[in-house]
Visitor: 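Please find one structure pasted underneath; my questions will follow.
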There are 2 protein chains.
Amino acid sequence: MDNLTYSQASSKTVGNETSFNEESMHSAAPSVKNGARKQQLKPHEVLFFEGDKADKIYEVISGVVMLYKLLPDGRRQIVYIVREGDMLGFSQRDIFDCTAEALTKTELQVYEGRDVSTSPLMQHYINRCLLSQMESLHEHTVLLGRKSAMERVATFLMGLVPNRGGVGCTGPSKEAGTDDRTVMLSMTRQEIADYLGLTIETVSRVISQMKRKGLIKVEKHDSIHILNICNICQLTGMH
Amino acid sequence: MDNLTYSQASSKTVGNETSFNEESMHSAAPSVKNGARKQQLKPHEVLFFEGDKADKIYEVISGVVMLYKLLPDGRRQIVYIVREGDMLGFSQRDIFDCTAEALTKTELQVYEGRDVSTSPLMQHYINRCLLSQMESLHEHTVLLGRKSAMERVATFLMGLVPNRGGVGCTGPSKEAGTDDRTVMLSMTRQEIADYLGLTIETVSRVISQMKRKGLIKVEKHDSIHILNICNICQLTGMH
DNA sequence: TTCATCGGTTGTTCTATATCAATGACAATC
DNA sequence: GATTGTCATTGATATAGAACAACCGATGAA
């Protein structure tokens, strides 16, 4: 009944129903006596490969990590984007089911499997994280199974806007006359394509289309200025 | 830090890396004193709707339940199929993120949220279940994002064959000269389509194609005889 | 026995997105 | 400041799967 390691979780929902974690410049998880080790990753450095032995779990202190799976012919699907406050590395079996690779410079908190499985507080925290990731995954499943290219990209952009587009979306704040925001993609077009189940060309074309319609302004490829958040939200297929 | 209810889990991996649960004609989860209630569902009876208050979790004793989400224009995506030994009903927020509907006559074990959050054993069990579901979801994400219609249907069929197609697949057992099996779909073509991100017509055509190639025999729509499991496995895109 | 219903199949046409190919815009290196 | 490499954009064309439509076969009621 017990060969217990893990394979994924998030404390804050990031992705579709975003709610960012402004304060956490250090671990949000309950501390564990021994294994309080930190680890750094450079952009595109691999933390672990699918199939590696899973004996540690990680919390993202800062930066962004992607989890992906490859098909034998090279097709790639990014299955989850792990952001500040999220966790990764859980597995039911004793091996990782995905590859984890940093998108940006990243700092991680490392927890040893043994520490985790003996700490009820940690268990409980992980549990909460898992539930949050599960909801994001469900949402992403709908995106991949049923949404058009335009809807996918719009949903992706909304996922980068904190506290908007989710269930409790309040709309634009009353005071401010504007409803704009600049979001950092921290992903290449290829990575976005592999996340959204599209090709790089389709992603590029949809972004150009949004540009032409005056919905967004692209600033050095990695940063997009959304001129009216509600307008993008209307394109997600959820309204 | 604590408004704790849940939203999903599975004790056995069902779907891609299958490993069926032959014995469990009763709950596999640790028993909880008070809330040991059972519940029956008729085919296509809804257990709960997306948005309903989430205060119970369920274990499937027998039968099959689907979890799905709807877009406002009626597009549906089935995000998970819950089978014998699996659990459902978890949520991080206090509402369900999916609708749960029985595919077949179903018997459930019902656990009250309060019982769950106070039982460490239950917590631990749920945790294991969540990890298993997470892996299935990752696998399904690859299917929806990157696989062709034929690969999707082949993967779906393999998911109905216990102990085959997974990481530790042993291939056909040495003794037996044959490598066939009859699987029950317990889903209509429409439901399969909504699970695989296809249309009903495409599902039907792919099944007909497999029939024409002599890979399968269809018996009264709901039951498919796979003549050579390895042959189907070769079509999943994972070899 | 007829009729209606429901789920499934098959044919035709259409279209969104993939694929293939060329060009552009930087940034890094020599 | 030329050269190279990487990533992105744009155009032309192909195609897998969607959409629309007709039909089929089993079931069940009148």
Side-chain angles (χ1 to χ4, degrees), chain A residues 42-44 66 71 73-78 101 103-104 143-157 184-213 216-225 235 237, chain B residues 43-44 66 71 73-78 101 103-104 143-157 184-213 216-224 235 237:
Chain A
K42 286 191 279 285
H44 297 104
M66 60 177 167
L71 291 174
D73 64 0
R75 281 174 287 177
R76 178 173 74 164
Q77 179 65 43
I78 297 175
E101 181 179 323
L103 284 168
T104 64
L143 179 147
L144 293 173
R146 291 297 178 217
K147 289 190 182 180
S148 71
M150 177 62 79
E151 288 169 337
R152 291 178 200 211
V153 173
T155 305
F156 173 69
L157 289 178
M184 291 296 299
L185 305 184
S186 46
M187 297 169 83
T188 64
R189 298 291 183 270
Q190 184 62 65
E191 285 155 353
I192 296 170
D194 288 347
Y195 183 48
L196 300 182
L198 300 169
T199 59
I200 183 174
E201 293 94 334
T202 299
V203 170
S204 186
R205 272 186 249 273
V206 169
I207 289 176
S208 295
Q209 234 174 298
M210 286 179 167
K211 230 181 335 184
R212 246 175 284 124
K213 287 192 202 160
I216 59 170
K217 276 185 168 170
V218 179
E219 299 157 355
K220 53 202 298 310
H221 294 166
D222 194 41
S223 159
I224 288 189
H225 183 74
L235 298 174
Chain B
H44 297 104
M66 62 176 164
L71 291 175
D73 63 1
R75 282 174 287 177
R76 178 173 75 165
Q77 179 65 43
I78 297 175
E101 182 179 322
L103 283 168
T104 65
L143 179 147
L144 294 174
R146 291 295 178 218
K147 289 190 181 179
S148 70
M150 178 62 78
E151 289 170 337
R152 291 179 200 210
V153 173
T155 305
F156 173 69
L157 289 178
M184 291 296 298
L185 305 185
S186 45
M187 296 168 83
T188 64
R189 297 291 183 270
Q190 185 62 66
E191 284 155 355
I192 296 170
D194 287 346
Y195 183 48
L196 301 182
L198 299 170
T199 58
I200 183 174
E201 292 95 334
T202 298
V203 171
S204 185
R205 272 184 250 272
V206 169
I207 289 175
S208 295
Q209 236 174 295
M210 287 179 167
K211 230 181 334 186
R212 247 174 283 126
K213 287 192 202 161
I216 59 170
K217 275 186 169 170
V218 178
E219 298 156 358
K220 53 200 298 312
H221 293 166
D222 194 40
S223 159
I224 289 189
L235 297 175

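Proteins get letters first, then strands, A, B, ... in listed order; numbering begins at 1 in each. Only this structure's heavy atoms are used, side chains among them; waters, hydrogens and symmetry mates stay out.
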Visitor: Side-chain contact, heavy-atom cut-off 4.5 Å: A/R146 with B/D194?
Guide: yes
Visitor: Expressed as a whole number of angstroms, how long is the span from B/D222:CG to D/dA26:C1'?
Guide: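 My rounded result for the distance is 14 Å.
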Visitor: Nearest 0.5 angstrom please: B/M66 CE to B/L103 CG, how far?
Guide: 4.5 Å
Visitor: What pairs with A/R189 under salt bridge (Lys or Arg N to Asp or Glu O under 4.0 Å), at least two apart in sequence or on another chain?
Guide: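 So A/R189 forms no salt bridge (Lys or Arg N to Asp or Glu O under 4.0 Å) with any residue.
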Visitor: Summarise how protein sits on nucleotides 9-19 of chain D as a single string, 5' to 3': B when a protein heavy atom is under 4.0 Å from the base, S for sugar-phosphate-only contact, - for no contact.
Guide: BBBB----SSB
Visitor: Of all heavy-atom pairs between B/Y195 and B/L144, which one has the smallest distance, and what is that distance?
Guide: O-CD2, 3.9 Å
Visitor: Indicate the atoms forming the closest heavy-atom contact of A/M187 with A/D222, along with that distance.
Guide: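 Closest approach of A/M187 to A/D222, heavy atoms only: N-OD1, 3.7 Å.
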Visitor: Walking along DNA chain C from 5' to 3', note the first and the last nucleotide with an atom under 4.0 Å from a heavy atom of chain B, and give both.
Guide: C/dG8 to C/dT12
Visitor: With sequence neighbours left out, what residues match B/E151 under side-chain contact (heavy atoms from CB on, under 4.5 Å)?
Guide: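 With sequence neighbours excluded, B/E151 shows a side-chain contact (heavy atoms from CB on, under 4.5 Å) to A/R75, B/K147, B/S148, given in chain and number order.
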Visitor: Output side-chain donor-acceptor pairs under 3.5 Å for residues 200-209 of chain A, partner residues at least two apart or in another chain, one line each.
Guide:
{"unit_1": "A/T202", "atom_1": "OG1", "unit_2": "A/T199", "atom_2": "OG1", "d": "3.0"}
{"unit_1": "A/S208", "atom_1": "OG", "unit_2": "A/S204", "atom_2": "O", "d": "3.1"}

Visitor: Among residues at least two apart in sequence or on other chains, which ones pass side-chain contact (heavy atoms from CB on, under 4.5 Å) with A/H225?
Guide: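 Result, side-chain contact (heavy atoms from CB on, under 4.5 Å) vs A/H225: A/D180, A/T182, A/K217, A/E219, A/L227.
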